[in-house]
**Q** 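This is the structure I want to talk about, given as structure tokens.
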Amino acid sequence: MKRREFISLLGGAAAAWPLAARAQHPVVGFLDSRLPDAITDRLRGFRQGLKDTGYVEGENVSIVYRFAENQDDRLPELAAELIRQRVAVIAAGGPLAVFAAKTATATTPITFLVGDDPVRLGLVTSLARPGGNLTGINLFNSELAAKRLELLRELVPRVVRLAVLVNPADVSITETQLRDVSTAARTMGLQTEVFNANNSLEINAAFEKMGRERPDAVFVGVTPFLNGRRVQLTQLAAFHRLPAIYAVRDYAEAGGLMSYGSNIVDAYRQVGIYTGRILKGATPADLPVVQAAKFELVINHQTARMLGLDVPDRLLAIADEVIE
């Protein structure tokens, strides 16, 4: 069975249920811009959050999945499909999916997970009282740029020239990240060069240019698209022997040098909890936006050795996980 057919079958399973069965169980829509196999751990966290509130997929709740497969322009139609399915709640991962869901409905509750201030993004009125049909989790990933640069320089003391890779399609988040990285880099005396990539070929081209220009290190921005290409990114960084830091542990697990950011699986669990609470009668307007509180440093020691880097004892001591 082809991937697209499988995903259609997965996403449409709930529609094929007898009406009586569907009437007994609430239906949740899950919207994401990536491939399903790129977020397996996140889905596990989301389902755990639902379970924590008493909902088990296939028993007393069904989930309609819609994945854009890294084709962001499909998100509006996928969101509209979920509305036509009359789902009780839409859980949206990443800013583009959230905005697509927000555009599709002003009434169906939406739980989100974003890496930037949702008030600044225009998703909620305030963190304490969101005020509309959206609420969710702020990962703070965009605000952690300075901390990532500090950790990177501790591991790579010689860094002066820094390549910054971002996805220009995520306009609002990319602008924030570039501003924060630029400010932190200036404070640390680093020179930055921005590389844009919005598809696989552009990622290849960006790293080919980095390979020629030889920056001292790479800062990979935070977007669902880049996360979905993490294997490609970490392999290219290794091929060109470029130390790189990332926002989530997926990269370090895929062979990336180092990651620092929110615990993503736990954040998706919280999205699942909020989704379950809404199914029980809570309204998004009254559920405060959760500020991520769990952050983790993951170091791939094997990659460090491959790059000829000695990981300082202090970093090894404070790391939440060291991959050998």
Side-chain angles (χ1 to χ4, degrees), residues 38 41 115 139-142 144-167 177-178 180-181 184-185 188-195 197 200 203-204 206-265 294-324:
D41 58 340
L139 292 174
F140 287 117
N141 275 335
S142 295
L144 295 175
K147 181 63 175 179
R148 289 195 192 99
L149 288 184
E150 290 173 6
L151 291 167
L152 179 62
R153 188 163 68 173
E154 191 166 352
L155 180 54
V156 190
R158 69 175 188 276
V159 61
V160 174
R161 297 173 57 243
L162 181 73
V164 181
L165 180 68
V166 294
N167 175 20
Q177 289 183 77
L178 289 178
D180 293 344
V181 172
M188 298 169 64
L190 304 180
Q191 305 165 16
T192 60
E193 181 177 358
V194 177
F195 293 79
S200 181
I203 290 175
N204 288 337
F207 272 92
E208 286 176 8
K209 186 177 180 183
M210 291 181 207
R212 293 191 302 270
E213 297 185 354
R214 305 307 307 168
D216 299 315
V218 182
F219 181 103
V220 176
V222 186
T223 69
F225 165 73
L226 291 177
N227 178 263
R229 299 290 183 177
R230 59 187 177 273
V231 173
Q232 179 186 6
L233 289 165
T234 55
Q235 288 181 348
L236 286 169
F239 177 78
H240 292 286
R241 300 187 63 80
L242 293 168
I245 189 164
Y246 312 89
V248 291
R249 66 179 299 131
D250 302 4
Y251 291 94
E253 292 173 348
L257 175 62
M258 171 193 283
S259 68
Y260 179 76
S262 302
N263 185 313
I264 299 296
V265 174
K294 291 185 178 181
F295 303 97
E296 55 185 0
L297 170 64
V298 182
I299 299 171
N300 192 312
H301 209 174
Q302 183 177 5
T303 299
R305 286 192 292 266
M306 183 271 293
L307 293 171
L309 297 171
D310 293 323
V311 182
D313 291 340
R314 193 194 81 86
L315 287 183
L316 292 175
I318 66 173
D320 295 272
E321 183 175 350
V322 177
I323 299 172
E324 296 291 349

**Q** Checking Gln232 against Asn204 for the side chain to side chain contact (heavy atoms under 4.5 Å, CB included) test, could you report, in this order, the C-alpha distance in whole Å, the side-chain angles of both residues, the deciding distance, and whether it holds?
**A** CA-CA 9 Å; Gln232 179 186 6; Asn204 288 337; 2.9 Å; yes
**Q** Restricting to non-hydrogen atoms, name the atom on Thr303 and the atom on Gly256 that form the minimum distance, rounded to 0.1 Å.
**A**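 Closest heavy-atom pair between Thr303 and Gly256: OG1-O, 4.2 Å.
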**Q** For Gln302, look at atom CD and say whether over 12 heavy atoms of other residues, nucleotides or ligands are found less than 6.0 Å away.
**A**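 Atom CD in Gln302 is not packed in, count stays at 12 or less.
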**Q** Where is the tightest heavy-atom contact between Ile323 and Ala252, given as atom of each residue plus distance?
**A**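 Looking at all heavy atoms of both residues, the closest pair is CD1-O, 3.5 Å.
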**Q** Is any side-chain heavy atom of Leu144 less than 4.5 Å from a side-chain heavy atom of Phe295?
**A**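 Side-chain contact under 4.5 Å: yes.
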**Q** How many angstroms lie between atom CG of Leu257 and atom CG of Leu309, to the nearest 0.5 angstrom?
**A**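 Here the interatomic distance stands at 6.0 Å.
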**Q** Could you walk me through whether Tyr246 and Thr234 pass the side chain to side chain contact (heavy atoms under 4.5 Å, CB included) test, one step at a time?
**A** CA-CA 10 Å; Tyr246 312 89; Thr234 55; 3.9 Å; yes
**Q** When rounded to the nearest 0.5 angstrom, what distance separates CD in Glu321 from CG in Asn300?
**A**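 The distance works out to 9.5 Å.
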**Q** Any chance you could measure Asn263, atom CG, to Asp320, atom CG, to the nearest 0.5 Å?
**A**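 The distance works out to 8.5 Å.
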**Q** Using the rule given for side chain to side chain contact (heavy atoms under 4.5 Å, CB included), can you reason through Leu226 versus Val220, listing the C-alpha separation, both sets of side-chain angles and the distance that settles it, and then say yes or no?
**A** CA-CA 8 Å; Leu226 291 177; Val220 176; 4.2 Å; yes
**Q** Side-chain polar contacts of residues 159-167 - donor-acceptor pairs under 3.5 angstrom, sequence neighbours left out - could you list them?
**A**
from, atom 1, to, atom 2, distance (Å)
Arg161, NH1, Glu213, O, 3.2
Arg161, NH1, Arg214, O, 2.8
Arg161, NH2, Glu213, O, 3.2
Asn167, OD1, Ala169, N, 3.2

**Q** Closest approach of Pro243 and Arg158, non-hydrogen atoms and distance?
**A**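 Smallest heavy-atom distance, with atoms named: CG-NH2, 4.1 Å.
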**Q** Do the side chain of Tyr251 and the main chain of Met258 share a donor and acceptor less than 3.5 angstrom apart?
**A**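 Here the side-chain-to-backbone pair does not exist.
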**Q** Specify the closest pair of heavy atoms between Met306 and Arg241, including all atoms of both residues, with the distance to one decimal.
**A**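 For Met306 versus Arg241, the nearest heavy atoms are O-NH2, 2.7 Å.
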**Q** Would a 4.5 Å heavy-atom cut-off, applied to side chains only, mark Asp250 and Ile264 as touching?
**A**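 A side-chain contact under 4.5 Å is absent here.
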**Q** How far apart are the closest heavy atoms of Val311 and Ala304, and which atoms are they?
**A**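 That would be CG2-CB, 3.7 Å.
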**Q** List the steps, then state whether side chain to side chain contact (heavy atoms under 4.5 Å, CB included) holds for Lys209 with Glu193.
**A** CA-CA 11 Å; Lys209 186 177 180 183; Glu193 181 177 358; 3.3 Å; yes
**Q** Once rounded to the nearest 0.5 Å, what's the spacing between atom CG of Asp216 and atom CZ of Arg153?
**A**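 Going from CG on Asp216 over to CZ on Arg153, the span is 12.0 Å.
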**Q** With distance as the sole test, does Glu154 use its side chain to make a donor-acceptor pair with the main-chain N or O of Pro312 at under 3.5 Å?
**A**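 No; judged by distance alone, with no hydrogens or angles, the pair does not exist.
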**Q** Kindly compute the distance separating CZ (Arg148) from CG (Asp180), expressed to the nearest 0.5 Å.
**A**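 Rounded to the nearest 0.5 Å, the CZ-CG separation comes out at 10.0 Å.
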**Q** Specify the closest pair of heavy atoms between Ala184 and Leu149, including all atoms of both residues, with the distance to one decimal.
**A**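 Closest pair (atom of Ala184, atom of Leu149, distance): CB-CD1, 3.8 Å.
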**Q** Could you give the distance from CZ (Arg212) to NE2 (His240), rounded to the nearest 0.5 Å?
**A**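 If I round to the nearest 0.5 Å, the distance is 9.0 Å.
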**Q** So do Tyr260 and Leu152 actually touch side chain to side chain, heavy atoms under 4.5 Å?
**A**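 Counting from C-beta outward, Leu152 and Tyr260 never come under 4.5 Å.
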**Q** For Ala38, is there any backbone N or O sitting under 3.5 Å from a side-chain donor or acceptor partner on Arg230?
**A**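 Looks like yes, one N/O pair under 3.5 Å.
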